[in-house]
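Report on one structure; see the data block that follows.
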Amino acid sequence: MVAGGRIPRTILSNLLSRATTGSLSSSTSSSSSFGPPSILISRRGIASKLYVAGLSFYTTEKALSDVFSQFGQVVEATVMMDKVSSRSKGFGFVTFASELEAEKAINEMDQKPLHGRVIHVELAKPRRPYSSAPIARGPPEPPTDVQ
């Protein structure tokens, strides 16, 4: 800030003209364009997210992250839990910062034992929308005889 808390008119007009043309420097706009890691991943694609099957029921997210961090920067590690029993479903997801690290983890960890179980590691597939099945609401309609 300039003395008196005012921005000189030339600097202010320069900033306003850049804002209207969309040419703000990356240092001023980068903080608003980045969010949590999951948002970065969705913008970048699903290529660095791995599906890990065959996990032990005792494998935690921290343990999964620790094991896979030897292949690169783990952005997120998730073990899918059953809502009713609060127990692991036996699979999870590991997200890496780059595709190269994810490929290295697949090559090294697929078909290897982890906590007493052989795990299977592959690239995660994108979710499909649930709109393919009809939603049942109430009793079925009685049949109509059209002739």
Side-chain angles (χ1 to χ4, degrees), residues 1-2 5-8 11-144:
M1 280 282 169
V2 180
R6 297 188 56 166
I7 299 174
I11 294 174
L12 183 61
S13 64
N14 192 7
L15 285 173
L16 289 175
S17 68
R18 285 186 187 175
T20 57
T21 60
S23 64
L24 280 175
S25 67
S26 63
S27 64
T28 59
S29 63
S30 65
S31 62
S32 63
S33 65
F34 294 119
S38 58
I39 292 174
L40 290 174
I41 294 157
S42 65
R43 288 182 183 168
R44 196 175 46 199
I46 200 161
S48 61
K49 189 170 189 176
L50 303 181
Y51 169 73
V52 183
L55 292 175
S56 167
F57 294 121
Y58 305 106
T59 301
T60 63
E61 291 178 352
K62 181 177 179 350
L64 191 63
S65 177
D66 290 345
V67 168
F68 279 88
S69 65
Q70 63 185 333
F71 305 108
Q73 180 186 0
V74 174
V75 176
E76 181 180 33
T78 307
V79 175
M80 303 310 291
M81 304 296 280
D82 185 1
K83 292 179 184 176
V84 176
S85 66
S86 297
R87 208 171 139 182
S88 169
K89 289 186 175 184
F91 70 94
F93 297 94
V94 177
T95 306
F96 282 94
S98 75
E99 294 177 27
L100 186 64
E101 295 168 346
E103 287 294 327
K104 186 177 177 185
I106 291 171
N107 294 334
E108 294 292 324
M109 290 300 292
D110 191 34
Q111 304 293 322
K112 300 289 190 223
L114 176 66
H115 300 138
R117 306 238 353 228
V118 175
I119 61 171
H120 305 278
V121 183
E122 61 186 47
L123 285 174
K125 296 178 179 112
R127 285 182 144 185
R128 290 188 213 126
Y130 293 111
S131 63
S132 62
I135 299 174
R137 297 182 192 226
E141 296 290 325
T144 57

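Here the structure is a predicted model, which is why all the values come from computation and not from measurement. These values consider heavy atoms only, across backbone and side chains, with no hydrogens, waters or symmetry-generated copies.
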Approximate separation, where rounding is to 0.5 Å, of H115 NE2 and T60 OG1: 7.0 Å
Closest heavy-atom pair, F96 versus V75, reported as atoms and distance to 0.1 Å, is C-CG2, 3.9 Å
Do S88 and M81 come close enough that some side-chain heavy atom pair is under 4.5 Å? yes
F93 six-ring centre to K49 NZ/CZ under 6.0 Å and within 45° of normal: yes
For residues R117 and L55, determine if any side-chain heavy atom of one lies less than 4.5 Å from a side-chain heavy atom of the other. no
Let me see the working for E122 and D110 under side chain to side chain contact (heavy atoms under 4.5 Å, CB included), right down to the final yes or no. CA-CA 8 Å; E122 61 186 47; D110 191 34; over 6 Å; no
With a 4.5 Å limit on heavy-atom distance, are the side chains of D66 and K62 in contact? yes
is_close_aromatic(F91, Y51), centroid dist under 6.0 Å: yes
Can a donor-acceptor pair be found, under 3.5 Å and without considering hydrogens, that links the side chain of E101 to the backbone of Q73? yes
Are any of the side-chain heavy atoms of T95 and V74 separated by less than 4.5 Å? no
Atom CG in L50, atom CD in E103: separation rounded to 0.5 Å? 8.0 Å
Say you draw a straight line from OG of S48 to CG of L123; how long is it, rounded to the nearest 0.5 Å? 9.0 Å
Evaluate the side-chain proximity of E108 to F71: yes if any heavy-atom separation is below 4.5 Å, no if none is. yes
Is any side-chain heavy atom of M109 closer than 4.5 Å to one of I119? yes
Check against side chain to side chain contact (heavy atoms under 4.5 Å, CB included), V52 and T59: CA-CA 12 Å; V52 183; T59 301; over 6 Å; no
Please tell me whether S85 and D82 have a donor and an acceptor in their side chains that are separated by less than 3.5 angstrom. yes
